[in-house]
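Here's the structure, in structure tokens; my notes come after.
Computed from a prediction, not measured in an experiment: that's the story for all the values here. Quick note on labels: first sequence line is chain A, next is B, and so on, each numbered from 1.
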Amino acid sequence: MFSRRISIAAVALLALAACAPPGQSAESGAGATGPIKIANVNAQSGQLSSLGQWEHKGVKLAIEEANKAGGINGRQIQLDLFDSQGDPTVGTNVARKISAEGYIAMLGTAESAVTLAMAPILKDAKIPNITSGQSPKLAELKSPFLFLNAPTSVTFDETLAKYLIDDKGYKKIALISNNGAYGSGEHDAFLAALKSRSVTPVADEVVTPDQKDFNSNLAKIREQGPEVLFIGAEEVQSGLIAKQSRELGIKSIFAGGAPMGTDVYADTAGLKNAEGSVVSSPYLSNEASDQIKAFAAKYKAAYNEEARMHVAKAYDGASIMIEALKQTNGEGGQKLADAIRGVKRAGLLGDYTYDANGVGIHATKIGLVKDGKVVPEVAS
Amino acid sequence: MQVFLQTLIGGVTFGAVYALVAMGFSIVYRTMGLVNFAHGSVVMIGAYAASTFYMATHVPFAIAIVVAIAVTGLIGLVIERFLRPLENKDFTLMLIGTIGFGAVLEAGAVLVWGATGHAVPSPVATEPLDLAGVRIPTYNLVVISVAALATGLLALFLQRTKRGAAMQAVAMDHQAATAVGIHVGRSNAMAFAIGAGLAALAGSLIGPMLYVNPTMGGTLGIKGFAAAMLGGFGSMPGAIVGGVAFGLLDAFAAGNFQEYSELVTFLVFAVVVMIRPTGIFGEATVNRA
């Protein structure tokens with residue numbers, strides 16, 4: 001009888017402990033000893049979930065390595081995954097949730113629109129965020145808590161314009177882009193790069209991110225007979241545009257940013273149609289350097305699939321976060337943001353040196369699609 | 001002129017697919033008075049079934065389509081069987097049930113095929129036809145003719161066969177149909193199966209033109225639904241005209257209104273539906289609630 005009463009009391013106590021408000025259970029600050037809570041927010045469902053899943057795998061690989069090597073000065077990192085569904089509204093809810101539950105840092109998301117929506121909340125909560133978004137609008141926010149793990153569209157497109165116009169001498173250039181966060185960023189950045197070279201595009205078509213039939217837009221472009229067709233859209237849409245262009249008999253060279261370096265682009269367009277596409281990207285292939293080769297092999301061993309840029313930049317971002325956490329001894333807030341800004345790292349995407357806008361990489365390389373794979377273009 | 005004709009090609013091809021989707025919506029609606037919100041997801045399952053079978057076994061694409069129709073027809077039967085106890089009892093619950101089935105199918109596709117999706121190589125590998133500068137991809141012609149053939153067969157079935165006539169009778173008055181000995185449940189099941197089969201046909205045809213992934217049904221479902229509304233919900237000729245009209249509207253809006261194309265398309269759609277709430281072929285609406 002007596003022992004039973006004790007067990008009831010014990011259960012009641014346990015229940016009480018479980019009811020402690022979120023955020024209090026995980027200790028934070030310099031003297032804490034529990035695990036360091038980092039949130040990975042990425043689309044795990046919805047149209048952009050493939051990006052989100054790659055990003056998560058890259059982040060997980062870096063964190064697992066760090067934990068195996070002893071964590072942050074002895075403390076383990078607890079990585080929790082939140083599904084943003086690629087939806088800005090869901091993103092803001094997640095931002096409130098992670099700040100309420102005591103996460104000290106966030107990695108992700110892969111979508112500029114979602115990160116843009118989350119940034120003000122994370123800034124107020126003083127939670128540093130390393131995002132995989134590339135929209136120039138992210139840098140324009142000038143949030144001291146927002147960092148990019150890749151260059152912005154400005155860098156991608158400046159490199160592209162330099163190659164196409166300065167090096168190759170193309171003059172007749174047409175644009176097609178979507179009006180989503182990524183597409184409009186690409187459109188504005190490439191147009192600015194053209195303008196600075198006094199080149200006016202022969203056509204400038206804007207489509208919606210959901211559009212599947214481009215016959216009308218492409219027929220107008222075909223009339224102008226451009227030498228180069230710049231495509232500012234995500235992987236699948238870029239592929240559809242390339243495929244329909246060739247079906248319409250457009251012979252232009254396709255040019256664009258990182259999405260066109262993926263197998264999704266090449267498969268959607270068809271290998272023959274994608275052949276020769278010009279890609280501007282900081283991560284051209286899994287064979288670009290010894291460091292990247294080693295990473296790609298490690299990734300393949302862990303997940304039995306090929307590495308790609310999205311994986312690599314998520315890994316770079318997570319590695320920078322780990323390095324900064326080591327410096328602050330696991331402390332978050334302003335101190336962590338300052339530490340991230342101070343990190344100098346020779347990463348997979350290039351050399352990271354953060355500026356005041358949170359941009360760490362300031363150069364991309366040019367590659368050409370051959371047989372569905374990107375081959376680095378030797379500088380001419 | 002070339003731009004106009006080229007836009008026409010794209011519009012008619014996508015319109016043919018929207019028409020198939022709209023016919024699926026309509027055949028279920030006219031028989032049961034129910035909007036099947038899982039229809040878009042069934043289109044997606046059809047696209048996956050056909051493309052997976054086609055790419056894995058390398059059989060002719062036509063056989064892959066038949067397999068996809070069989071698979072999704074079965075799914076249609078399952079959905080109807082689940083909803084049957086609610087027939088004539090709780091209409092709202094049936095409606096929510098179809099929404100639920102849509103979510104289940106989408107989640108199921110992620111489980112089976114993963115979230116990434118796949119591109120489908122075109123089954124017709126010939127060069128596009130060139131008519132005075134207007135290029136017509138041969139596959140587009142296949143899509144248009146198959147859609148037309150399917151429409152013709154369905155019309156024959158509904159008008160010339162006993163079962164088809166029975167379905168028409170249930171659509172007109174299910175109580176009277178029951179009185180003359182028509183099995184309403186079986187007729188409903190058949191409507192669901194045919195609807196799902198049409199969805200599969202639409203999905204398998206559009207697969208090689210797009211990228212097959214678990215969320216592809218969303219847009220196709222919405223546009224097919226809008227096409228059915230435009231033509232007159234429940235009317236078969238309306239579904240065809242509505243589908244092609246919506247495809248053309250979409251295509252010409254894209255060329256002329258750029259990023260505002262979607263806004264313009266649905267604005268025109270809203271105005272048409274406001275002027276003619278019963279759609280172009282305004283059939284008297286079925287209300288079985």
Most chain B-contacting option - heavy-atom pairs closer than 4.5 Å, from A/Leu218, A/Leu51, A/Leu248, A/Asn178: A/Leu248
Exercise: identify the closest heavy-atom pair between A/Asn215 and B/Gln6: OD1-NE2, 3.2 Å
Show me the donor-acceptor pairs, under 3.5 Å and distance only, between side chains in residues 195-210 of chain B and residues at least two apart or in other chains.
{"unit_1": "B/Ser204", "atom_1": "OG", "unit_2": "B/Ala200", "atom_2": "O", "d": "2.4"}

For chain A, which residues of residues 131-145 of chain B have heavy atoms nearer than 4.5 angstrom: B/Gly133, B/Arg135, B/Pro137
Which of A/Arg222, A/Gln53, A/Gln211 touches chain B most, by non-hydrogen pairs under 4.5 Å: A/Arg222
Chain B heavy atoms under 4.5 Å from A/Glu205: which part of the residue, side chain, backbone, both or neither? both
Region of A/Asp263 in contact with chain B, defined by heavy-atom distances below 4.5 Å: neither
Under 4.5 Å to a heavy atom of chain A? For B/Glu106 that would be neither
Distance in Å, B/Glu259 CD paired with A/His187 NE2, rounded so as to fall on 0.5 Å steps: 8.0 Å
Heavy-atom distance under 4.5 Å to chain A: side chain of B/Val110, backbone, both or neither? neither
Using a 4.5 angstrom heavy-atom cutoff, name the option from A/Asp267, A/Val236, A/Leu240, A/Asp213 with the most pairs to chain B. A/Asp213
Is A/Glu223 in contact with chain B via its backbone, its side chain, both, or neither, using a 4.5 Å heavy-atom distance? side chain
Is the number of heavy atoms from other residues, nucleotides or ligands under 6.0 Å of A/Lys57 NZ greater than 12? yes
Of all heavy-atom pairs between B/Ser261 and A/Thr208, which one has the smallest distance, and what is that distance? OG-CG2, 3.6 Å
Indicate yes or no for a side-chain donor-acceptor contact from B/Gln258 to the backbone of A/Val206 under 3.5 Å, with no hydrogens or angles considered. yes
Under a 4.5 Å heavy-atom cut-off, does chain B meet the side chain of A/Asn179, its backbone, both or neither? side chain
Determine whether more than 12 heavy atoms belonging to other residues, nucleotides or ligands lie under 6.0 Å from atom OH of B/Tyr260. no
On a heavy-atom basis, the closest approach of B/Ala251 and A/Ser216 is O-CB, 3.5 Å
